[in-house]
Asker: 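Could you have a look at this structure, given as structure tokens, before my questions?
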Amino acid sequence: MGRVFLVELEGRSYRCRFCNNNVALADDVLSRTFNCSQGKAYLFSNVVNITSGPKEERLMLSGMHTVEDIFCCCCGQILGWKYVTTHDKYQRYKEGKFVLERWTIVEEMMEDLNGDAHTGPSDMENP
């Protein structure tokens, strides 16, 4: 196995709950209104320090999507998924975006000690 080079993030960020690895900047959050089978999830425009699983078709509340599960590159914990393609033209905005399940990440506050709590339903995998 090759050497893993990690991207360090500056500013408010999210980290893997299990190994404290940087995974995304708070500025890259597109939506905090997604849901997954375990609860809340956030949609991100960009994530770092992850690996992707194989592409698979998955039926979700918003329809059929081609997705890749995403994993922390340090500890291997599943963090969420990436939308590869959507089958509904109204869902195309999700293509190339990442969903991180809220229970798998922690927010790191640099100077701001007052975190915002945002909730709401949007998308969830069907069991």
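Model, not experiment: these values are computed from the prediction. This chain uses plain numbering: 1 for the first residue, then up along the sequence.
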Asker: Can you give me the closest heavy-atom contact between Lys82 and Gly96, atom names plus distance?
Answerer: CE-CA, 4.0 Å

Asker: What is the distance from atom CD of Gln91 to atom OG of Ser62, rounded to the nearest 0.5 Å?
Answerer: 4.0 Å

Asker: Nearest 0.5 angstrom please: Thr66 OG1 to Glu95 CD, how far?
Answerer: 8.5 Å

Asker: Please report the interatomic distance CD1(Ile70) to OG1(Thr51), rounded to the nearest 0.5 Å.
Answerer: 9.0 Å

Asker: Just to verify, which of Val47, Asn21, Leu100 counts as forming a side-chain contact (heavy atoms from CB on, under 4.5 Å) with Ile105?
Answerer: Leu100

Asker: Can you check whether Ser52 reaches Trp81 side chain to side chain, under 4.5 Å on heavy atoms?
Answerer: no

Asker: Got a second to check how far Cys16's SG is from Ile78's CD1, nearest 0.5 Å?
Answerer: 12.0 Å

Asker: Please tell me whether Met60 and Tyr93 are part of a single hydrophobic cluster in this structure, the criterion being side-chain heavy atoms less than 4.5 Å apart.
Answerer: yes

Asker: Any chance the rings of Tyr14 and Phe44 have centres within less than 6.0 Å?
Answerer: yes

Asker: Kindly say whether Gly39 contributes a backbone atom to a donor-acceptor pair with the side chain of Glu101 at under 3.5 angstrom?
Answerer: no

Asker: Evaluate the criterion side-chain contact (heavy atoms from CB on, under 4.5 Å) for residue pair Ile50 and Cys72; output intermediate values, then yes/no.
Answerer: CA-CA 5 Å; Ile50 55 106; Cys72 175; 5.9 Å; no

Asker: Locate the shortest heavy-atom distance separating Lys97 from Ser45; write the atom from each residue and the value.
Answerer: CD-CA, 4.0 Å

Asker: Looking at Phe71 and Gly53, what are the two nearest heavy atoms and their distance?
Answerer: CE1-N, 3.9 Å

Asker: Under a 4.0 Å N-O cut-off, is there an ion pair linking Asp69 with Lys55?
Answerer: no

Asker: Roughly how far, to the nearest 0.5 Å, is the OG1 atom of Thr85 from the NZ atom of Lys94?
Answerer: 12.5 Å

Asker: Can you spot which of Arg92, Glu57, His65 makes a side chain to side chain donor-acceptor pair (under 3.5 Å) with His87?
Answerer: Glu57

Asker: Indicate if Val84 and Phe98 have the same hydrophobic cluster label, given that clusters are the connected sets of ILVMFWY residues with side-chain heavy-atom separations under 4.5 angstrom.
Answerer: no

Asker: Closer than 3.5 angstrom, by distance alone: can the side chain of Thr104 be matched with the main-chain N or O of Leu79 as a donor-acceptor pair?
Answerer: yes

Asker: Closer than 3.5 angstrom, by distance alone: can the side chain of Arg17 be matched with the main-chain N or O of Trp103 as a donor-acceptor pair?
Answerer: yes

Asker: Could you check whether Arg12 pairs with Glu107 (Lys NZ or Arg NE/NH1/NH2 to Asp/Glu carboxylate O, under 4.0 Å)?
Answerer: yes

Asker: Within the distance-only criterion (no hydrogens, no angle test), does the side chain of Arg15 pair as donor or acceptor with the backbone N or O of Asn20 below 3.5 angstrom?
Answerer: yes

Asker: To the nearest 0.5 Å, tell me how far Leu43 CG sits from Leu30 CG.
Answerer: 5.0 Å

Asker: When you group the ILVMFWY residues by side-chain heavy-atom contacts below 4.5 Å and let the links chain together, are Val106 and Phe18 in the same group?
Answerer: no

Asker: For Leu9 versus Asn22, what's the shortest heavy-atom pair and its separation?
Answerer: N-ND2, 3.6 Å

Asker: Okay, side chain of Asn49, backbone of Val7: is any donor-acceptor separation there less than 3.5 Å?
Answerer: yes

